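None of these values were measured; they are calculated from a predicted model. Every chain is numbered from 1 and lettered A, B, ... according to where its sequence line falls, protein lines coming before strand lines.
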2 protein chains.
Amino acid sequence: MNTLQLTSTDRATLIRSRFFGRLPQSTFEDVLNSASVSAYEERDVLFRQDESINDVFFVLSGLVRLCRLGKDGREADVALFPEGEMFAETAMFLRQRATASAVAAKRSVIARLNGGKLQQLAATDHEVAQALIEHLCYRGKMTEDLLAEDRLLTATQRVANFILSHCPEDSTSFRLPFQKNILAGKLGLAPEALSRAFSTLRQSGVTVRGRLIEIHDRHALERY
Amino acid sequence: MNTLQLTSTDRATLIRSRFFGRLPQSTFEDVLNSASVSAYEERDVLFRQDESINDVFFVLSGLVRLCRLGKDGREADVALFPEGEMFAETAMFLRQRATASAVAAKRSVIARLNGGKLQQLAATDHEVAQALIEHLCYRGKMTEDLLAEDRLLTATQRVANFILSHCPEDSTSFRLPFQKNILAGKLGLAPEALSRAFSTLRQSGVTVRGRLIEIHDRHALERY
DNA sequence: TCACTTGTTTGACCGGCGTCAAGAAGGGTT
DNA sequence: AACCCTTCTTGACGCCGGTCAAACAAGTGA
């Protein structure tokens with residue numbers, strides 16, 4: 001971990017994001033004034049479950065895994081945040097300790113927004129409150145989607161879904177945006193299970209070479 | 001379904017709730033003016049997945065199940081709302097169709113708050129926005145909890161958890177607040193699996209007679 | 001009270017997925 | 001290239017929990 005300056009690409013990422021994208025320039029600058037930027041290596045811990053945190057985190061680049069640990073020591077991912085996503089608002093607004101740990105899933109640059117400042121802005125600035133509301137709705141839907149997938153679909157179906165939603169409509173192949181390791185976690189699977197799912201999908205025209213996924217029959221995947 | 005007047009106990013329920021509880025009297029009345037109240041029988045459908053809805057729902061009494069249906073026809077519950085809970089905000093704020101169906105899990109009385117009105121209030125009234133933000137954080141945490149439970153715990157552990165969190169600290173027994181059927185759905189289990197979990201817990205000092213649950217050894221449950 | 005419907009439990013079976021262990025394949029480094 | 005270390009794949013095995021079927025219990029209404 002290492003403190004940094006906000007680069008111009010970082011600003012671009014912020015402006016493109018769901019949350020900051022809808023704020024007027026001045027508010028945007030206002031929030032940013034309370035922010036600090038740091039770099040993390042893969043596996044670095046941003047915060048740990050049960051710690052009390054008072055900041056909101058924003059992924060400027062890289063990837064962050066949110067995971068909970070069970071009392072037997074195993075851990076389960078409850079969310080995965082790519083570039084442009086914001087997280088850890090819940091702890092702040094509910095005045096609670098973190099319900100999960102945040103770990104960099106690859107080398108990442110993270111902005112830390114001062115929680116108090118954000119909370120104060122949310123209480124006085126309509127635009128901020130509005131943006132926050134939409135952000136929270138979006139996040140709620142995300143986890144609800146995950147829950148429903150877990151309960152309704154088999155491993156292979158979840159993987160098929162993931163491939164379909166990540167391969168551009170007009171393309172026949174794409175690169176996984178992260179290690180299979182991480183993907184397994186996101187889908188609630190052991191790495192072995194992911195591997196097996198891929199090999200099941202081979203008979204539906206899916207080729208996997210490293211991180212490169214090729215689809216030869218979209219419909220076969222949709223049927224799954 | 002049947003249109004009703006708001007009774008005084010209904011008002012009490014509203015005032016006790018997380019969302020309305022933090023609003024000043026006048027705002028409270030303002031929101032309520034746009035509301036309509038109806039009664040539903042068990043299994044009545046409030047709205048169906050993929051329908052476009054423009055209201056927010058509030059459980060005045062009874063119980064509502066939110067469930068998604070997979071393409072194979074099976075369905076999975078993603079939330080269960082007892083008296084005092086509010087739901088279906090996501091569709092409104094994200095301008096989306098419902099991602100799940102809402103079904104009364106027992107005879108229920110439901111208030112429907114006008115979505116446009118609420119959205120307008122959220123955009124102009126700080127108190128409303130604030131209450132909404134906390135409500136959404138709470139809801140987000142709820143589903144995240146469910147997801148984590150699903151991924152970390154076995155059926156028996158989930159049931160043990162449920163019992164512990166629903167039996168008052170100072171008591172040795174309690175009544176299930178709803179049918180086992182419904183509980184199974186909430187825990188992401190088939191009814192049979194719930195039944196078996198109960199019978200496993202018998203050897204840890206749990207007695208089940210109808211809806212009455214007796215705990216003879218709290219620690220045994222916590223150890224699970 | 002009895003009949004009928006609906007909910008719950010139990011047994012049998014089996015498929016999905018986690019776990020352990022071993023081997024294969026990449027990716028870096030020297 | 002040879003080496004190491006990490007990630008990924010494959011096989012073997014076992015358990016958890018879903019499904020089907022049947023017995024049983026509890027409500028509900030006449």
Query raised in the report: Would you say the side chains of B/Thr7 and B/Asp10 form a donor-acceptor pair under 3.5 Å?
Result: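 Distance-only check passes for B/Thr7 and B/Asp10.
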Query raised in the report: What is the nucleic acid contact for B/Arg43, judged by heavy atoms within less than 4.0 Å: base, sugar-phosphate only, or nothing?
Result: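 Counting heavy atoms under 4.0 Å across all strands, the contact made by B/Arg43 is with sugar-phosphate only.
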For the side chain of [X], starting at C-beta, report the closest nucleotide among [options].
X: B/Ser195; options: D/dT7, C/dG7, C/dT9; value: C/dT9
X: B/Glu42; options: C/dG7, D/dG17, C/dC17; value: C/dG7
X: A/Ala155; options: D/dG17, D/dT19, C/dC17; value: C/dC17
X: A/Val208; options: C/dG18, D/dT9, D/dT6; value: D/dT9

Pairwise distance [atom1]([X]) to [atom2]([Y]) - rounded to 0.5 angstrom:
X: B/Asn54; Y: B/Asn114; atom1: CG; atom2: CG; answer: 7.0 Å
X: B/Arg68; Y: A/Glu149; atom1: CZ; atom2: CD; answer: 9.0 Å
X: A/Ile133; Y: B/Leu94; atom1: CD1; atom2: CG; answer: 11.5 Å

What integer distance in Å separates [X]:[atom1] from [N]:[atom2]?
X: B/Leu189; N: D/dG18; atom1: CG; atom2: C1'; result: 10 Å
X: A/Leu152; N: C/dC17; atom1: CG; atom2: P; result: 13 Å
X: B/Glu192; N: D/dA25; atom1: CD; atom2: P; result: 18 Å
X: B/Asp150; N: D/dG17; atom1: CG; atom2: C1'; result: 12 Å
X: B/Leu212; N: C/dT8; atom1: CG; atom2: C1'; result: 16 Å
X: A/Leu153; N: D/dG18; atom1: CG; atom2: P; result: 15 Å
X: B/Leu194; N: D/dG18; atom1: CG; atom2: C1'; result: 14 Å
X: A/Arg107; N: C/dG28; atom1: CZ; atom2: P; result: 11 Å

Query - Base D/dG11 to side chain A/Arg196, donor-acceptor N/O within 3.5 Å cut-off - result: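 Side chain to base: pair found, below 3.5 Å.
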Donor-acceptor pairs are to be reported for all side-chain atoms of residues 84-92 of chain B against protein atoms at under 3.5 Å, with residues two or more places apart or in another chain.
{"residue": "B/Glu85", "atom": "OE2", "partner": "B/Arg18", "partner atom": "NH2", "Å": "3.4"}
{"residue": "B/Glu89", "atom": "OE2", "partner": "B/His135", "partner atom": "NE2", "Å": "2.8"}
{"residue": "B/Glu89", "atom": "OE2", "partner": "B/Arg139", "partner atom": "NH1", "Å": "2.9"}

Requested in this report: Scan residues 175-187 of chain B against DNA chain D and write down, sorted by residue number, each residue with any heavy atom closer than 4.0 Å; if none is found, say none.
Outcome: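 Nothing qualifies; none.
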Query raised in the report: Which residues within residues 65-82 of chain B lie with some heavy atom under 4.0 Å of an atom in DNA chain D?
Result: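 Within this stretch, B/Arg74 sit under 4.0 Å of the strand.
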Report task. State plainly whether the residues A/Arg107 and A/Glu42 are in salt-bridge range, i.e. N to O under 4.0 Å. Result ->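 A/Glu42 and A/Arg107: not salt-bridged.
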Query raised in the report: Would you call B/Glu134 and A/Arg95 a salt bridge, using N to O less than 4.0 angstrom?
Result: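 A salt bridge is present here (some side-chain N lies under 4.0 Å from a carboxylate O).
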Requested in this report: Taking the six-membered ring for Trp and the single ring otherwise, decide whether the centroids of B/Phe47 and B/Phe57 are under 6.0 Å apart.
Outcome: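 Here the rings of B/Phe57 and B/Phe47 have centres that are less than 6.0 Å from each other.
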Query raised in the report: Hey, do the aromatic rings of A/Phe20 and A/Phe58 have their centres closer than 6.0 Å?
Result: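 That pair passes the under 6.0 Å test.
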Query raised in the report: Which sits closer to the 5' end of DNA chain C, A/Gly188 or A/Arg209, going by the nucleotide each is nearest to?
Result: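 Looking at the nearest nucleotide for each, A/Gly188 comes out on the 5' side.
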**Report entry** A/Arg211 side chain near C/dG27 phosphate (N/O to OP1/OP2, under 4.0 Å)
**Finding:**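 False: A/Arg211 side-chain N/O out of range (4.0 Å or more) of C/dG27 OP1/OP2.
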Query raised in the report: Which of these passes side chain to side chain contact (heavy atoms under 4.5 Å, CB included) with B/Val159: B/Leu201, B/Thr200, B/Leu183, B/Leu153?
Result: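 It is B/Leu201, the one option of B/Leu201, B/Thr200, B/Leu183, B/Leu153 that forms the side chain to side chain contact (heavy atoms under 4.5 Å, CB included) with B/Val159.
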